[in-house]
Amino acid sequence: MFKKCYEIDTFDNLKYEYNKYTSMDFSLTEEHMMIRDAAREFAQTELLPGVIKRDNEQKFPQELVKKMGELGFMGIMVDPKYGGSGMDTISYVLIMEELSKIDASASVMVSVNNSLVCYGLEAFGTDAQKQKYLTKLATGENIGAFCLSEPEAGSDATSQATTAIDMGDFYLLNGTKNWITNGGRADVYLVIAQTDKSKGHRGINAFIVEKGMEGFHIGPKEDKLGIRGSDTHTLQFNEVKVPKENRIGEDGFGFKFAMKTLSGGRIGIAAQALGIAAGAYELALKYSKERKAFGTEICNHQAIAFKLADMFTEIEAARMLVMKAAWLKDQGENYDIASAMAKLYASKVAMEQTVEAVQIHGGNGFVKEYHVERLMRDAKITQIYEGTSEIQKIVISRALIHG
Ligand code: CAA
């Protein structure tokens with residue numbers, strides 16, 4: 001029965017090569033472990049101390065962004081010739097997990113800068129665009145933002161109302177973008193806009209917009225449930241003149257650019273969700289070994305012990321999907337479905353297991369100093385941004401049904 005299931009070329013449908021699937025190997029190298037340990041050390045020593053304050057005040061100091069840049073976290077997979085760290089996607093998810101265990105606001109900055117901005121520029125930008133923008137982004141000297149969502153176009157990404165009219169030497173950009181991560185602090189914005197409505201998704205382009213361009217306004221910061229240290233803004237473009245050379249790729253490539261970029265982004269967010277869940281689990285385990293009730297540490301009560309067993313199992317299952325998606329990307333295989341599955345599952349685990357972590361903490365779980373309430377609030381966004389869980393199911397189910 002099991003063999004028969006394989007014989008109906010399920011994996012061909014999903015664009016995986018079956019023989020590569022069976023020899024899948026993502027055991028960590030010495031280098032991976034060093035990178036993971038460096039990220040863990042940074043998270044413990046630099047991110048943990050101010051994390052509650054940053055969440056309360058909705059701020060993230062530039063000094064910390066600079067330090068992440070110095071450690072190579074802002075351009076993890078970028079070629080060293082453009083200032084990047086030249087690491088693989090496995091390293092990226094290890095870093096994302098460790099940062100997210102402590103501060104998901106820090107990790108979303110890392111994820112957007114790496115997956116959506118640096119990757120997009122490195123994979124599809126011209127040499128001149130890479131020279132001008134990528135190096136500063138990969139070193140963390142500059143920060144990037146990815147601007148696809150609009151008031152009326154979040155999941156339905158082809159319905160872009162932002163327009164970019166071809167004026168010869170430049171495009172005239174008009175419109176509004178919503179929920180933009182790094183919106184207030186970015187230097188470089190990759191903006192998706194419609195250039196020819198009659199062409200549907202083929203009439204969409206991606207542009208590089210710089211902070212300070214005339215007509216580009218940054219709206220007020222959103223007051224959010226979670227990832228409050230990370231700034232999220234509405235952006236306004238009023239007759240912004242974007243030079244022709246700032247278009248990314250061939251005319252009409254913008255929608256595919258966004259989709260391809262988001263596929264990798266979803267690995268980053270899946271790793272973020274994994275880290276949030278793992279962080280909550282580690283806190284819950286520790287707490288359950290210290291807190292006493294009915295004459296013993298609460299971990300000795302089966303009600304708590306079984307929760308811990310379920311949490312650990314779910315988190316490990318999520319980790320396997322995240323690592324598999326990262327590994328496929330590193331192998332040069334198609335990872336669209338794997339990244340959608342990893343994000344769908346890891347974000348569900350993050351949401352469910354952070355709720356359990358709060359429950360294990362009891363009354364203390366509801367108090368900020370115990371951290372788990374923040375992790376629970378932070379978990380929710382992983383089911384929403386870079387494609388909601390429902391969008392991931394569309395991506396997965398279309399591949400299953402239509403190949
Ligand atoms: N790679 C390359 N091409 C792709 C692709 C991919 N992963 N996915 C789709 N395409 C192509 C299709 O092949 C098709 O091209 P052809 O017509 O040439 O074959 C074209 O794109 C259109 O595809 P669909 O017909 O599937 O498009 P659709 O309108 O049905 O939408 C969707 C598909 C998957 C639902 C898509 O709209 C989607 O992913 N929506 C969610 C968008 C999203 O993730 N938004 C989050 C905002 S960004 C964010 O959160 C950033 C932040 O700040 C953190």
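None of these values were measured; they are calculated from a predicted model. Start at 1 and go down the list; that is how both ligands and their atoms are numbered.
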Check ion pair Arg319-Glu316 (N to O, under 4.0 angstrom): yes
Which segment of Asp156 sits under 4.0 Å of ligand 1 when only heavy atoms are counted: neither
Atom 5 (C) of ligand 1: any protein heavy atom closer than 4.0 Å: yes
His201 contact mode with ligand 1 (heavy-atom cut-off under 4.0 Å): side chain
Atom 52 (C) of ligand 1: the protein heavy-atom neighbour that sits closest, reported with distance to 0.1 Å: Thr181 OG1, 3.5 Å
Ring geometry between Phe216 and Phe237 (parallel below 30°, tilted from 30 to 60°, perpendicular above 60°): parallel
With Asn114, the side chain to side chain contact (heavy atoms under 4.5 Å, CB included) member among Thr89, Ile76, Leu137: Ile76
Closest protein heavy atom (residue, atom, distance) for atom 34 (C) of ligand 1: Val395 CG2, 3.8 Å
Nearest non-hydrogen protein atom, atom 38 (C) of ligand 1: Met259 CE, 3.6 Å
Mutual orientation of the aromatic rings belonging to Tyr281 and Phe312 [parallel < 30°, tilted 30-60°, perpendicular > 60°]: tilted
Nearest neighbour in protein (non-hydrogen) for atom 15 (O) of ligand 1: Lys256 CE, 3.2 Å
Taking atom 46 (C) of ligand 1 as the reference point, the nearest protein heavy atom with its distance: Gly387 N, 3.5 Å
Cationic N near anionic O, under 4.0 Å, Lys307 to Glu356: yes
Atom 2 (C) of ligand 1: the protein heavy-atom neighbour that sits closest, reported with distance to 0.1 Å: Lys260 CG, 3.7 Å
Residue portion contacting ligand 1 (non-hydrogen atoms closer than 4.0 Å) for Leu116: side chain
Ionic contact status for Glu70 with Lys67, cut-off 4.0 Å: no
Nearest neighbour in protein (non-hydrogen) for atom 30 (O) of ligand 1: Arg398 NH1, 2.9 Å
Test log, rule side chain to side chain contact (heavy atoms under 4.5 Å, CB included), inputs Leu28 and Ile90: CA-CA 8 Å; Leu28 301 188; Ile90 297 280; 3.9 Å; yes
